[in-house]
Amino acid sequence: MINCDKMTIDKINSQMSELMSQLYPICRSITGNGFRETLRILNNYIPLSVHEVPTGTAVYDWTVPKEWNIKDAYVKNSEGKRVIDFRESNLHVVGYSSHIQETVSLSELKQHLHTLPDHPDWIPYRTSYYKDDWGFCLSHNELMKLEDGFYEVFIDSTIQDGHLTYGEYYIKGKTSKEVLLSCHACHPSLCNDNISGLALVSMLGQYLSSLSLNYSYRIIIIPGTIGAITWLAQNESAVPNISHGLVVTCVGDPGKSTYKRSRIGNAEIDQAVEHVLKYSGNSYNIVDYSPYGYDERQYCSPGFNLPVGCLQRTPHGQYPEYHTSADNLDFVQMEYLSDSLLKYMSVINVLENNGCYLNTNPKCEPQLGKRGLYGLVGGQNDKVIDQMAILWVLNLSDGQHSLLDIADRAGMEFSLILDAADALIKKDLLIKHF
Amino acid sequence: MINCDKMTIDKINSQMSELMSQLYPICRSITGNGFRETLRILNNYIPLSVHEVPTGTAVYDWTVPKEWNIKDAYVKNSEGKRVIDFRESNLHVVGYSSHIQETVSLSELKQHLHTLPDHPDWIPYRTSYYKDDWGFCLSHNELMKLEDGFYEVFIDSTIQDGHLTYGEYYIKGKTSKEVLLSCHACHPSLCNDNISGLALVSMLGQYLSSLSLNYSYRIIIIPGTIGAITWLAQNESAVPNISHGLVVTCVGDPGKSTYKRSRIGNAEIDQAVEHVLKYSGNSYNIVDYSPYGYDERQYCSPGFNLPVGCLQRTPHGQYPEYHTSADNLDFVQMEYLSDSLLKYMSVINVLENNGCYLNTNPKCEPQLGKRGLYGLVGGQNDKVIDQMAILWVLNLSDGQHSLLDIADRAGMEFSLILDAADALIKKDLLIKHF
Amino acid sequence: MINCDKMTIDKINSQMSELMSQLYPICRSITGNGFRETLRILNNYIPLSVHEVPTGTAVYDWTVPKEWNIKDAYVKNSEGKRVIDFRESNLHVVGYSSHIQETVSLSELKQHLHTLPDHPDWIPYRTSYYKDDWGFCLSHNELMKLEDGFYEVFIDSTIQDGHLTYGEYYIKGKTSKEVLLSCHACHPSLCNDNISGLALVSMLGQYLSSLSLNYSYRIIIIPGTIGAITWLAQNESAVPNISHGLVVTCVGDPGKSTYKRSRIGNAEIDQAVEHVLKYSGNSYNIVDYSPYGYDERQYCSPGFNLPVGCLQRTPHGQYPEYHTSADNLDFVQMEYLSDSLLKYMSVINVLENNGCYLNTNPKCEPQLGKRGLYGLVGGQNDKVIDQMAILWVLNLSDGQHSLLDIADRAGMEFSLILDAADALIKKDLLIKHF
């Protein structure tokens, strides 16, 4: 596990907190200026290349939709008072609502209102991407207060040919084999889903750019579903390079870490995440792949079947605040968000350092004593090398076991095995196999 | 699961009940006129072709035995009273008893008497196919009543060159690949073992003949062991066509359904039966193959190793009434027999509809909304299509998973997966792979 | 399981007891005259060829060390009294201590003394093979008694060019495929580790020499680690013949039998030992391979990966007496040592008799009745042949299941399956496949 000192974590948390406060008020959707503004802010943290894909572009079975933008929206009562006001919360307007200015009776209005009777204080989040409609969301308590009469409905939105926008940060490593980190950014003021993910990948991008990397890394900031589909359609030639991937979402709530396996189920990314969680010291859940969730649905469609899992905290739909105004800046707690970040860093640490080695002296054990490798203290910088780790690495480095395989077989944490391998490499007792 | 309405079930039960009453009194054995009479009655329900194989015919390691027929048999006491009377129950005579007419002392007679001291009211069932002998079976209570003295023993039987008889109903489907349903009919007045099986296959044959079938079906009514061996020896060219098979026996007792797997263990028939039992709503047992039991022993001998299991209720030998006069018309209850029939129908439904499909749009998910497949209500006849079933079928239809595999992986009943597949086929999102 | 009558066991126990008493007092090490004397005594039980490998011989990554011999050693107090006396226990001297004769202060002396404070009556066992040093071991109580002052230290040892000695008993069987039994003999007065092993292989060697064997057997008596490495280096051409192997160590303590699997994990030797333990009637432990332990570390190094496990009682290091003076003649009990011997004999019995057969009549069951194989009593010497065992052997003898596989699949003891196979072979219903 990656361990950062408290000062470093405090600094990271303060950056993530600042970033989330900036991103929270923006009205995002799968297209439009809110998405662009989000990328502009993120660009202050990680250098993003921004891509604009025109409305109408065919992307597999789908078509890039028209662009939606909104300036203002309200429902005014007969006294001219805004009883529902977009300026107070962008959740008040159903996403992709069409332009409207009309006066309607309360009963007509109610056909277009959405509430959560079980959580009467919360505003739900609703969209209507592919059906021409309009609507407002509000708390059930507010709905109850509406009196009979006529209301002015105004939504100052446009749905026009435009673009689907996405951002990409590509960090070149020693090889072109890459790790995909996919983060959806199509939700308005919802914090865990998925401003938390945006904050995490921003810090992770900074961290990666500071390292000497074996893999190349690609962080993509996309709208959910249509964005993943568009990215795959526009970047199909990059797909064969994807060696591992994670969908980054819902990473800041207080629930325990949950890993949803890739469709492959036992890919190296699955093994790496499960190893990290096992040694994290926290309880966690592992769930098998299912074809419902976030953008792993596209990456794991049978035509791609990529080794992409989802490392999150509480899965979408399994916490009551999900897709409501209660998923706000208070719901995400820095302690959990930075814990998620550390786990992502640990996973990357495993991926970067995993490999398959050959014992150069495969017949019998080598004489460790004459090389200073016998006993518990190894030769490198007074680092304590675990003797059992050395024996396991020697015994299983036959070209068929990666270091991570060895760690799992030995029941030891990856870092112990890695230290042992490093010590053995220095003594020419181990060489890289592939 | 196949669901029949109560009226249909009542009608079926009434037919099965009528059929069992006709079959019960007949004195059957592995050869002879009782077996022929049984086939004649069954022919009123399903059209049987009758085969006669001559005594002495070599069938693998065996030889078709001489034919046994019996007209009457008794033991009379010194007063001329029938104290054991074949006319009261054909179980009274040991099967394949040779002709005898003699006067013997009680102690001599007892050498040839069989009883069940633990069930003093029941008559056991005994045979002596391959050893020239004679004997009587009676209740232990009746044995206790026999007084010292001399008894006239008479068995009016013949053991002569003749034939082994079996019946066959072949139902042609679209392909020559076939499903074998094997039912032994060599027992005299024993109801669960196996008049229940005869009743079940009669109704199943009628049901199959009403369907448009992909597989061909072969129902064989044979004597146990020697009949299966004879059938295999005489029909070896048909064997490669057998894709699936079930031995139909002991299907009407109140015990829970028990499936004995084929020797292969994970054949499609094993998967199909286990799936049906899992979703039956009843508790059930699955047992691994063992080389003891009924005619699966022959079908699963290593030279054939056919995918033939045995779907029964309480396995042979595991209920006290087994092979006694207590396995009578009361022991079989229509509620359990028709439940078994419905399970056989469900298994056939799975086999008929199982298949391997290809997602025609394997890269990313197709847009379900524009095809009316989004949300819980599908487009066909207002049938509700489960959304998760659609996603599972799309995700796993990669040419490597059958619909039954998908159902098992998704943890959903086959019918839901099948409905989803049908809806997707209609929208050209799925095509048959094989 | 092999069953010996009590008289035979008593005789064996008496021989093993006598042998252990002779071997116990000898000061053994990885080289030297104590090892030679040990082989000389063992040669009275099994004919050993003795091999001498010169100091300096390269053996893979190692070099055969100089030879150590010792005549006497003591620590005398100022009154000239031996307060530590090699003549009382050879454990008192650290193995491979260099020659010394010096007078030292108590505090200087203490730098070279080893005790076990947790077991104040016991003398520990220590060595310093690869570091030029000297030292004494004593009980903590004795250490406490040493008064301030000066002590005369004397170790009359030599470390000179010489040889590493090992013994070998090769028993030729019908084939050159061989079973390796490896036993280390480098410890001085330690009884369970490994005089018990020496006693066991001596009796086992006698037993094997009395049999008509399919495999050849090679018992090697070697120093631990360097001896196994030397043997492998000097006998590499013999390695491909090794079909199975066991490291024989710690076989006489009261702990339950423990089998440490080979690195392969599911080799035939693993299957055989686990089968024997399962039917032994005693509780037992099975542990997976790990690269720490005895000479299986060398045989299971990745360049060899031999099917060699370790059948022991309590594993090394897991009993408090391990490597102390408490591992003495009382610690090993004949009841447990002979139990271990019987288990080794049973394992060999399985290996010798295991094989893969073909049912000569694979289509349907053969007619057992006409061959006297029907019913529970078979035809050979009134031996009871289990009917289910006959059916299992027939059903699974398809060239893909060994008799041991069949026993495991049937859940029956190997001997029952073997008897059934023998009966079937006699009736030409089974032939050897390989």
Side-chain angles (χ1 to χ4, degrees), chain B residues 30 56-65 96 127-133 164 182 222-240 242 247 260-265 287-306 308 317, chain C residues 355-379 385-403 405-413 416-417 419-421 423-434:
Chain B
I30 53 174
T57 304
V59 287
Y60 301 121
D61 191 52
W62 301 62
T63 306
V64 171
Y96 264 70
T127 65
S128 182
Y129 298 142
Y130 297 101
K131 186 184 158 203
D132 186 18
D133 202 355
L164 178 152
S182 173
I222 53 174
T225 305
I226 185 64
I229 293 167
T230 300
W231 186 85
L232 284 163
Q234 301 260 309
N235 296 277
E236 206 175 300
S237 65
V239 168
I242 298 174
V247 168
K260 175 179 170 178
R261 289 178 175 137
S262 75
R263 182 179 183 273
I264 298 166
V287 294
D288 274 328
Y289 181 77
S290 79
Y292 195 63
Y294 274 115
D295 288 329
E296 67 277 9
R297 294 164 66 163
Q298 313 310 327
Y299 306 123
C300 296
S301 58
F304 292 116
N305 197 26
L306 290 171
V308 175
Chain C
C356 201
Y357 292 82
L358 284 176
N359 178 339
T360 58
N361 191 76
K363 290 181 175 170
C364 299
E365 294 172 353
Q367 196 180 353
L368 297 173
K370 70 183 182 193
R371 296 179 177 89
L373 292 175
Y374 190 71
L376 287 178
V377 180
I385 306 299
D386 190 288
Q387 190 70 14
M388 281 307 295
I390 289 210
L391 294 175
W392 275 114
V393 172
L394 287 170
N395 191 253
L396 291 178
S397 287
D398 55 3
Q400 293 179 48
H401 299 87
S402 72
L403 293 184
D405 291 335
I406 297 171
D408 283 339
R409 173 73 181 81
M412 302 177 84
E413 192 171 353
L416 291 178
I417 295 295
D419 288 346
L424 290 166
I425 289 165
K426 286 207 176 109
K427 302 297 184 184
D428 296 323
L429 289 172
L430 206 65
I431 50 167
K432 186 83 181 171
H433 183 45
F434 61 79

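Naming: A, B, ... by sequence-line order, numbering from 1 per chain. All values derive from a computational prediction rather than experimental measurement.
Within 6.0 Å of NZ on C/Lys432 lie more than 12 heavy atoms contributed by other residues, nucleotides or ligands.
Considering only heavy atoms from C-beta on, B/Lys260 comes within 4.5 Å of B/Ser290 through its side chain. Side-chain contact check for C/Leu394 versus B/Pro291: every heavy-atom pair is 4.5 Å or farther apart.
At a 4.5 Å heavy-atom cutoff, the contact between B/Tyr289 and chain C is made by backbone and side-chain atoms alike.
Judged purely by atom type and a 3.5 angstrom limit, C/Thr360 uses its side chain to pair as donor or acceptor with the backbone of C/Leu429. Of the possible polar contacts, one joining the C/Asp405 side chain to the C/Ser402 backbone as a donor-acceptor pair under 3.5 Å is found.
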Step by step, work out the side chain to side chain contact (heavy atoms under 4.5 Å, CB included) result for B/Tyr130 and C/Lys370. CA-CA 9 Å; B/Tyr130 297 101; C/Lys370 70 183 182 193; over 6 Å; no

Step by step, work out the ring pair (Phe, Tyr, Trp, His ring centres under 6.0 Å) result for B/Tyr96 and B/Tyr129. CA-CA 6 Å; B/Tyr96 264 70; B/Tyr129 298 142; 5.6 Å; yes

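Within residues 225-240 of chain B, the residues having any heavy atom closer than 4.5 Å to a heavy atom of chain C are B/Ile229, B/Leu232, B/Glu236, listed by residue number.
For the set C/Asn361, C/Leu391, C/Asn359, the count of heavy-atom pairs under 4.5 angstrom toward chain B peaks at C/Leu391.
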